[in-house]
Amino acid sequence: MPFLYLFPALPETFMSYTAPLKDMLFNIEHLARIDQIAQIPGFEDAGLETAQAVLEECGKLNAEVIAPLNWEGDKNPSFHHDGNQVTTTPGFKDAYKQFTEGGWQSLQHPADFGGQGLPKTIGAACGEMLNSANMSFALCPMLTDGAIEALLTAGSDELKATYLEKLISGEWTGTMNLTEPQAGSDLAAVRTRAEPLPDGTYKVFGTKIFITYGEHDMAENIVHLVLARVQGAPEGVKGISLFVVPKFMVKADGSLGERNDVHCVSIEHKMGIKASPTAVLQYGDHGGAIGYLVGEENRGLEYMFIMMNAARYAVGVQGISIAERAYQKAVQYARDRVQSRPVDGSLPAAGPIIHHPDVRRMLMTMRAYTEGCRSLASVAAAAYDAAHHHPDAEVRKQNQSFYEFMVPLVKGYSTEMSLEVTSLGVQVHGGMGFIEETGCAQYYRDAKILTIYEGTTAIQANDLVGRKTSRDGGQTAKALADQVAQTEVQLAASSSADAQAMARRLKAAREAFVDVVNFVAGNTKAKPNDVFAGSVPYLMLTGNLMAGWQMGRAMLVALTPEAQAQDAAFMASKVTTARFYADHILSKVPGIRDSIVEGAGSVTELALEAF
């Protein structure tokens, strides 16, 4: 009989998650400046005290209810059966009930439709916790948030009255239907069609793929937002319209009626996020699915990008979330795993691997990347709140510009970062990391989708190059560089050697960034291949700098006597982590600059037949 190695039973704490409340609240208070957000009309009760109370309760729910289901979802994914039904992972349905009954879906949506009206600055932190706890589970409310945003912006009063309250409560969930077998990122190729009916509704026919939570058993109705072409519409993206197509028809009194002609024909078998059912939906096989036009015909792509931008930010937060979970697990393992005597002889025998310098380097890399991206996302969320709610039009305009510039960075940089961090998490575990029962491989697998969906990293980079840099000749980018320079001055004036080192690294990175901005703005039209050959490196360079800037701002706060008196140990850790970011991550920027400005030719010169 062959020898069988049985992995030991894992204690419950081995898969545990603890929300990083101190770091989140530090960002919300000192970088996002919740005190200023609380001065905006409608957010008067959303100050630091409220943020702390909400985050603490959210942390409990996710640690006690949602996180324990993460490993179960990987082992027992959602499954498709009986030709149309999808059953989610055991425990998901009850957890979703607790999630909605606690009001978590409604957190940052308008009170007019039953929401709690809290700012995104608070909601984003709660979103991070939910995704750290269980990314597969979190995808359902994330897509519902996007549907809510689209209807709030472009929906008629009738559509709002019919759908918003149920979506905001979480009683119903929402989806985003863009992709088709022949139409991925190129939405001009969408073929799903909509035929107008005399009563003002439409019949929708077509196939949509990769629809997250397109079918499930956690809510009584699913509200699909679907891109389709009305007969006679112009070709290309200008002829696309957006429709609400509910799983079940909604009667005049708000109750549910008959099943609509939209059916799940299969779900995908994925590398990661296995518990999230990714559906293939078929519209109109039995006479036509009834749909309701959102806004005006042929403006669907414009409306869908409301959902898309909300989702892109949220996916960036997912990158931070999975990085945090991988970091926590790696730290726990490094404290427990005994292997080899430390090289400095500080222990008389073999000790926990956290004593080894290279393990410390890996853990610090994971920590610094995660904290840097978290701070970037928090500041971006605050800009969103000001852009949408501040009474001063000029302040709204400035914050909107800042937020729009940050979205491809939060999405692109944070998700690419998550791949490095989750890979390091496996590496810290050594051979055990390659064993699925350890659990850390799941984070690595789950993270991979983040650089792909809601627009690949290259699509985010194209947006950064075209819409965010070249369009205004680099003026927005250079204005941000000026703000970074102000932080450099403050750091250089400090008596702290750590602050002065951060100032030097920031200065070198900022100057490299400005060089690249000039290159991009000056060559996008004349030498597009040269610019777009370096588009993703440009995104990574910019994300690195912007996160490093926030770490520099965090260091300035942490060095103050007031902060030291508040929590000396936390502030000392913040300074050390920021210094590590400067020395080991921000220091990469000048080299990336060289590859963009001087290395375009080697990207495109190899003959195609030589590949």
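Position 1 is the first residue of the sequence; numbering continues from there.
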Subject >> Any pair counted as salt bridge (Lys or Arg N to Asp or Glu O under 4.0 Å), so long as it reaches residues 447-456, sequence neighbours left out >> reply: none
Original post:
Any donor-acceptor pair under 3.5 Å linking the side chain of S132 with the backbone of S321?
Top reply: yes
Subject >> Non-hydrogen atoms of Y313 and A377 that approach each other most closely >> reply: OH-O, 2.7 Å
Original post:
Would you call K574 and D23 a salt bridge, taking side-chain N to carboxylate O under 4.0 Å as the test?
Top reply: yes
Original post:
Counting distance only, does the side-chain N/O of N544 pair as donor-acceptor with the main-chain N or O of M540 below 3.5 Å?
Top reply: no
Original post:
What pair of heavy atoms forms the shortest contact from M135 to N70, and how long is it?
Top reply: N-OD1, 4.0 Å
**OP:** Identify whether NZ of Lys or CZ of Arg in K120 sits under 6.0 Å from the centre of the six-membered ring of Y384 and within 45° of that ring's axis.
**Re:** yes
**OP:** Might you work through the side chain to side chain donor-acceptor pair (under 3.5 Å) test for Q98 and D94, ending with a clear yes or no?
**Re:** CA-CA 6 Å; Q98 293 185 59; D94 180 64; 3.1 Å; yes
Original post:
Does the pair R593/E598 count as a salt bridge with the N-to-O cut at 4.0 Å?
Top reply: yes
Subject >> salt bridge (charged side-chain N to carboxylate O under 4.0 Å, His left out) partners for E128, two or more places apart >> reply: R374
Subject >> E324/R367 salt bridge by N-O under 4.0 Å criterion >> reply: no
Subject >> Passing option when L545 is tested against L506, I592, V516 for side-chain contact (heavy atoms from CB on, under 4.5 Å) >> reply: L506
Subject >> Any side-chain heavy-atom pair of F137 and Y96 under 4.5 Å >> reply: yes
Subject >> Heavy atoms of other groups near F532 CZ, more than 12 under 6.0 Å >> reply: yes
Original post:
Are K93 and D217 ion-paired here, with the side-chain N under 4.0 Å from a carboxylate O?
Top reply: no
Original post:
Does K329 use its side chain to pair, donor to acceptor, with the backbone of Y443 at less than 3.5 Å?
Top reply: no
**OP:** Please confirm whether the backbone N or O of G372 pairs with a side-chain atom of S375, one donor and one acceptor, at under 3.5 Å?
**Re:** yes
**OP:** May I ask you to say whether D358 pairs ionically with R361, meaning some side-chain N is under 4.0 Å from a carboxylate O?
**Re:** yes
**OP:** Compute the centroid of each ring, for Y369 and then for Y327, and state whether the two points are separated by less than 6.0 Å.
**Re:** no
Original post:
Is the closest side-chain heavy-atom distance between V343 and P357 below 4.5 Å?
Top reply: yes
